[in-house]
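Below is one structure; the comments refer to it alone.
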Amino acid sequence: MSTDTTTQPAAERAGAEGGQGTPPFRYGAALAGDIERKWQDRWETEGTFHAPNPSGPWAEPDQVSGEKVYLLDMFPYPSGAGLHVGHPLGFIGTDVLGRYLRMTGHNVLHAMGFDAFGLPAEQYAVQTGTHPRTTTEANIERYKAQLRQLGLGHDQRRSVATTDVDFYRWTQWIFLQIYNAWYDEDAQKARPISELEAEFAQGGRSTPDGRDWSELTGAEQREIIDSYRLAYISEAPVNWCPGLGTVLANEEVTADGRSERGNFPVFRRNLKQWMMRITAYADRLVSDLDRLDWPESVKAMQRNWIGRSQGARVQFPVVGVDPAAPSIEVFTTRPDTLFGATYMVLAPEHPLVDEIAPAEWPAGTAESDVDGRWTGGAATPAEAIAAYRAAAARKSELDRQENKDKTGVFTGAYATNPVNGQAIPVFVADYVLMGYGTGAIMAVPGQDQRDWDFATAFGLPIVRTVQPSEGFESAGGEAFTGEGPAINSANDEISLNGMGVAEAKAAITDWLVAKGAGSAQTQYKLRDWLFSRQRYWGEPFPVAWDADGRPVALPESELPVELPEIDDYSPKTYDPDAADTEPEPPLSRAQEWLDVELDLGNGLQRYRRETNTMPQWAGSCWYYLRYLDPQNSDRFVDAEVERYWLGKDTTRAADDPGGVDLYVGGVEHAVLHLLYARFWHKVLFDLGHVSSEEPFRRLFNQGYIQAYAYTDARGTYVPAEEVVEELVDGEPRFTWNGQPVNREYGKMGKSLRNVVTPDEISERYGADTFRLYEMSTGPMEVSRPWSTRDVVGSQRFLQRVWRNLVDEQTGESRVSDAEPDTDTLRLLHRTIAGVHADYTALHYNTAAAKLIELNNHLTKVYGPGSQTGVPRSVAEPLVLMLAPLTPHIAEELWSVLGHDTSLAHGPFPVADEQYLVADTVEYPIQVNGKVRSRITVPADADLEAVKAAALGEEKIVAMMDGREPRKVIVVPNRLVNIVI
RNA sequence: GCCCCCGUAGCCCAAUCGGCAGAGGCAGGCCCCUUAAAAGGGUCACAGUGUGGGUUCGAGUCCCACCGGGGGCACCA
């Protein structure tokens, strides 16, 4: 390893240890380094962290014992920059828990792999011609070395990378499962596509045009079947990013319409792309959040993203055109306000716009058309619409975000409001989006602020159908969206007047259903997942296109479909603003690879391979399954192995969904990765490939290590390490080379010149010190600043522990067989009890504090200054309790204490109840809430006795001055409060 | 604009069911060890919990409003 400090000159090592006078066996960076490398080697040689599987290729059923625990860190991307001190925070946290659980008899699975496909390696390849695999594998090696030096207890056999052919073969296999499945709405689950074909063939399901299945041509049959698949080709509008040369998922586009990566403009284009039908699972993805032990914030983000809303679909017949023509269908969450619908709006791209627009402006348009607002000054509706569409298309997403002034144009058509028969004008406006609901709305300006704004701008009538609250209008209120009784809402058959919103919604929906004018409807914001990318460094699709231009899935026997070698790794990129360009993936240039001859059931035919690749999310959708059984060549994971590590556990909860026991990572994956992985997992569950319904039973968001960065007068970042802080008149001032600099707080990054690496901290203090420092600065969920100068505190503590147990001159144990005194035993057992609770709760900072407290006590009573060494019966538990946090020094001390096996599998001390209860208890005595005195009573004194003792106490008697207390509160073991 | 999280010594953080505001670390003062130094040992001080109300015998903890910081969503019908 490149960071081996033993290669330093001896003089330098001595210098690092503080000079000539330093005892030879003082615990410093050099000694720590030696100990750490020694134990890391030993753990690796002995396979200390190998977790046994119950079956599959690694079956060791006789080794499987204790309760199983599957701990998981979010899949890191092995970036070329390597780790900084912020990255391993979560990894160390899970390692501490894993080590604690392993010591307490659990079968702990903890592994680490790499999400290794992705843009940086490809971009580097484009620039330098180096194959992305070369770069990626070098980065992984560097990453593994950095992780190893931290002493993480991973089962190294289980490490996988998404770029391994052996791994992506199964990613392709899962794609085939998804492709060969459809969502059965009645059963609310995915089923094999063959069952759908059987239903059609047997007549159990009728074809779209009613013909018999056998009358359809093969092409027609395939078209129908393909339209049901969970992975399908779509020509719908997608996010095309010319600057990157690829299309992007909705989730990868920022709110202002730019690519999350690279910040290039993104355009909506109709392109043929692979989609995943995640919307089929929208309802389950929302509902099952209730069964997960996840942070509320992440659940809220997913609910928000899926955006389930209940409402109604309502038909508005268009006036005066062919009665057979379709009505305008709208989705509304407020059907109760139907009587207030005074106009309608279609999205500019809505297909009905051209159909309903009459050739001429209808009579009366001129009167409404003040300043040409309605017609845009155009001679005919068609011209007005064309001009408006052109103007809308020119507007970027950003313009639309920033400029919320309502624009639109009258289509010349009217539609009939089904509740009151009124003809209301139909507009085209870009504040209605084609992608949500039906792309058309009924506008109720009285109860919707956007509609109010539009109505005001276009001189449209406003009818209130909910009585606003008192003073709402006089205070300048416009649209009233609150709760109130319905008004102005009655026809000959139904009256909503007086009803509350919920009651009115139910009543009008029933009426609409009865009239055939509408139905209750649940709508989602979630869209299907765009699954293809025009990149080289990703998983190839296991798909080929036939001569008719239809995609055909390859059989499993054709897997893996390996990436071909090519010369140019770049997709064709364009000027970032060149919207009218076409994606051209790099694989389309791999001529020999492209054309294949296959027999897919119709004899040997020529096919052309799919040239898109999968998005980076694909591998991270299922890597946690592969850790379970990484060597299995027959299945992506052995069924029994999956059930053992991830299966449902009804002893936890009746509706336990199963999944990873603890998944730790940053909150930045709240929607993307976590939603996609849940979707894949549910498909695999429906198809019977896994027994668990959710991938991650419990999720924990760790905080971030943040850092200060400093800029000089020109705004340039200066090296944070060289900045000097001083107090001037009590105010902190920061200078660099004598010039004042400005401090900011945030991320750690190369460009901010404030990166600190675990390598340099490990070298200066040792990995154990680094681990302890990171764990003791706060609880796992809290973000905190990095402070290099504070690290020394953690090292001092380890040094003191070492010095208490080891003679710094000889390196021999200075532990004695003396019996510890009672105070020491009490503190020891209190510490044991506390540490158990703290580790379980991931409160490593307080666990560390308790161990420091115990060691401080030992220093005082049995430290190097005293004649007696530390009693073995205290020294051993201290070492064992320290082991999860600082495993190397603990192993070394354990062996100095005479044990020749690793402590990784325990024992772990258990608190003795008899030392947890004290003989006497001191009670503060409050009078009216203020502490006035104290008493000490036997611990087993009952409440009456405590009360009597408190009232009899000298100072209290004096204060009472003969009065009777109004009330005496005795809180057992806490305090007494006398109210007078 | 809407939703979520967080405000405790100079700094990072503790405080069980509402029960004496301090466990631990950094920085600081003093003392010891040392020819000297410190990444050695010891010891000390420092806040009344962002602000204002309320509930309670008792509030850092519960409720309401506001202020400050962070995050998410945002023309989603």
Side-chain angles (χ1 to χ4, degrees), chain A residues 16-19 21-23 26 28-29 255 295-301 303-305 307 309 311 330-334 345 400-401 404 406 429-433 435-444 448-451 453-454 523-525 667-668 670-671 701 725 727 730 732 764-765 769 772-773 776-779 781-787 789-797 799-800 803 808 834 837 843 845-853 856 859-860 863-865 922-931 934 965-969 971-980:
Chain A
E17 293 308 311
T22 304
R26 169 158 294 177
E296 272 313 311
S297 58
V298 177
K299 290 190 187 184
M301 279 187 250
R303 286 193 190 103
N304 201 324
W305 187 262
S309 52
V330 303
F331 172 71
T332 174
T333 55
R334 293 295 302 275
V345 182
R400 287 182 53 159
Q401 295 295 328
K404 290 187 178 175
K406 295 290 175 289
D430 67 358
Y431 82 94
V432 171
L433 310 173
Y436 183 76
T438 61
I441 62 157
M442 66 177 207
V444 187
D448 184 293
Q449 189 61 44
R450 295 157 300 179
D451 297 344
D453 295 342
F454 189 89
Q523 188 68 44
Y524 302 90
K525 249 162 60 174
V667 74
E668 70 271 17
V671 274
N701 290 129
E725 176 180 2
L727 280 182
R764 281 171 67 184
Y765 299 100
T769 295
L772 181 64
Y773 168 74
S776 50
T777 46
E781 65 272 23
V782 169
S783 292
R784 49 222 125 130
W786 174 264
S787 172
R789 69 177 183 186
D790 291 5
V791 176
V792 67
S794 296
Q795 191 180 44
R796 281 187 195 139
F797 163 60
Q799 213 166 66
R800 283 192 286 254
R803 185 154 46 225
E808 288 189 320
H843 291 172
N845 55 327
T846 53
K850 288 181 174 80
L851 294 170
I852 292 168
E853 206 180 346
N856 286 349
T859 307
K860 214 170 283 178
E922 188 189 63
Y923 281 86
I925 307 170
Q926 294 182 340
V927 177
N928 290 343
K930 290 205 170 101
V931 179
R934 284 166 196 283
R966 279 205 296 148
K967 199 169 175 184
V968 179
I969 297 132
V971 185
N973 296 315
R974 286 290 182 180
L975 55 54
V976 182
N977 188 14
I978 300 167
V979 186
I980 53 176

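Per chain, numbering begins at 1; letters A, B, ... match sequence-line order.
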- For A:Ser794, report the nucleic acid contact type (base, sugar-phosphate, nothing); a contact means any heavy atom under 4.0 Å. nothing
- Could you work out the separation of B:C46 and B:A9 based on their C1' atoms and round it to a whole Å? 6 Å
- Task: Enter syn or anti for the glycosidic conformation of B:C17, syn applying to angles within 90° of 0.
- Result: syn
- Please determine if a side-chain N or O atom of A:Arg796 lies less than 4.0 Å away from the OP1 or OP2 oxygen of B:G40. yes
- Note on the structure: Between A:Arg803 and A:Ser787, whichever has its closest RNA chain B nucleotide further toward 5' is A:Ser787
- Task: Using a 90° cut-off around 0 for syn, call B:G40 syn or anti.
- Result: anti
- Can you tell me, in whole Å, how much space there is between the P of B:C63 and that of B:C6? 11 Å
- Query: Contact class for A:Arg934 (heavy atom, under 4.0 Å): base, sugar-phosphate, or nothing?
  - Reply: base
- In the strands shown, is B:G7 matched to any nucleotide by a Watson-Crick or G-U wobble pair with both distances under 3.5 Å, and which? B:C67
- Indicate, with a heavy-atom threshold strictly under 4.0 Å, whether A:Ile852 touches base, sugar-phosphate, or nothing. sugar-phosphate
- Query: Any donor-acceptor pair under 3.5 Å between the side chain of A:Arg966 and the base of B:C57?
  - Reply: no
- Task: With P as the reference atom in both, quote the distance from B:C20 to B:C67 in angstrom, rounded to an integer.
- Result: 32 Å
- Query: Taking the same atom, P, in B:A37 and in B:G29, what whole-Å distance lies between them?
  - Reply: 15 Å
- Item | Separation of atom CG in A:Leu851 from atom P in B:G24, rounded to whole Å | 13 Å
- Message: For A:Phe454 and A:Tyr431, take the angle between the two ring planes, folded into 0 to 90°, and tell me which bin it lands in: parallel under 30, tilted 30 to 60, perpendicular over 60.
- Response: tilted
- Task: State, yes or no, whether a side-chain contact exists between A:Tyr773 and A:Phe797 at a heavy-atom distance under 4.5 Å.
- Result: no
- Task: Report the distance from atom CD1 of A:Ile925 to atom C1' of B:G19, rounded to the nearest whole Å.
- Result: 14 Å
- Message: Taking any heavy-atom pair under 4.0 Å as a contact, classify A:Val971: base, sugar-phosphate, or nothing.
- Response: base
- Output yes when a side-chain donor or acceptor of A:Lys525 lies under 3.5 Å from a complementary backbone atom of A:Tyr436, and no otherwise. no
- Query: Looking only at atom C1', what distance separates B:C11 and B:G28, rounded to whole Å?
  - Reply: 12 Å
- Item | Validation row: A:Lys406, A:Asp451 side chains within 4.5 angstrom (heavy atoms) | no
- Query: Which is true for A:Pro779 with a 4.0 Å heavy-atom rule: it touches a base, it touches only sugar-phosphate, or it touches nothing?
  - Reply: sugar-phosphate
- Query: According to the Watson-Crick and G-U wobble definitions, with both distances under 3.5 Å, which nucleotide is paired to B:G58?
  - Reply: none
- Query: Under a 3.5 Å cut-off for both distances, is B:U16 Watson-Crick or wobble paired, and to whom?
  - Reply: none
- Query: If the C1' atom of B:A65 is compared with that of B:U55, how far apart are they to the nearest Å?
  - Reply: 15 Å
- Base, sugar-phosphate, or nothing for A:Asn304, non-hydrogen atoms under 4.0 angstrom? sugar-phosphate
- Item | Who pairs with B:G28 - Watson-Crick or G-U, where each distance is under 3.5 Å | B:C44
- Note on the structure: Closest heavy-atom pair, A:Val671 versus A:Trp305, reported as atoms and distance to 0.1 Å, is CG1-CB, 3.6 Å
- Return the set of residues passing salt bridge (Lys or Arg N to Asp or Glu O under 4.0 Å) with A:Lys850 (not counting sequence neighbours), or none when no residue passes. A:Asp838
- Message: Any base atoms under 4.0 Å from A:Glu853, or only sugar-phosphate, or nothing? Heavy atoms, all strands.
- Response: sugar-phosphate
- Query: Do the side chains of A:Val667 and A:Met301 get nearer than 4.5 Å, heavy atoms only?
  - Reply: yes
- Task: Figure out the CZ/P separation between A:Arg334 and B:A77, and round it to whole Å.
- Result: 11 Å
Check nucleotides 2-12 of chain B for protein N or O atoms closer than 3.5 Å to its own N or O atoms and list the pairs.
residue	atom	partner	partner atom	Å
B:C12	O2'	A:Thr777	O	2.9

- Message: Please tell me if A:Ser309 has a side-chain N or O lying less than 4.0 Å from either OP1 or OP2 of B:A77.
- Response: yes
- Message: Measuring only the C1' atom in each nucleotide, how far is B:G52 from B:G7? A whole number of Å is fine.
- Response: 16 Å
- Item | C1' spacing across the pair B:G71 / B:G53, given as an integer number of angstrom | 29 Å
- Query: Hey, which of these two, A:Arg764 or A:Met442, hits RNA chain B nearer its 5' end, going by closest nucleotide?
  - Reply: A:Arg764
- Item | Pair partner, B:A39 [Watson-Crick or wobble, under 3.5 Å] | none
- Task: Find the partner of B:U34: check Watson-Crick (N1-N3 plus N6-O4 or O6-N4) and G-U wobble (N1-O2, O6-N3) distances, both under 3.5 Å, and reply none if neither fits.
- Result: none
- Task: Specify the separation, in whole Å, of atom CG of A:Leu433 and atom C1' of B:C75.
- Result: 7 Å
- What integer distance in Å separates A:Gln926:CD from B:G58:C1'? 6 Å
- Query: How far apart are the closest heavy atoms of A:Met442 and A:Arg334, and which atoms are they?
  - Reply: CE-O, 3.7 Å
- What nucleic acid atoms does A:Lys850 come within less than 4.0 Å of, heavy atoms only: base, sugar-phosphate, or nothing? nothing
- Measure from CG on A:Leu975 to P on B:G18 and round the result to the nearest Å. 14 Å
- Does A:Arg974 make a side-chain N or O approach to OP1 or OP2 of B:C17 shorter than 4.0 Å? no
- Pairing partner (Watson-Crick or G-U wobble, both distances under 3.5 angstrom) of B:C73: B:G1
- What one should report as the nearest heavy-atom pair of A:Gly439 and A:Val432 is O-CG1, 3.5 Å
- Query: In whole Å, what is the span from the NZ atom of A:Lys525 to the C1' atom of B:C75?
  - Reply: 12 Å
- Side chains of A:Thr777 and A:Asp790: does their closest heavy-atom pair fall under 4.5 Å? no
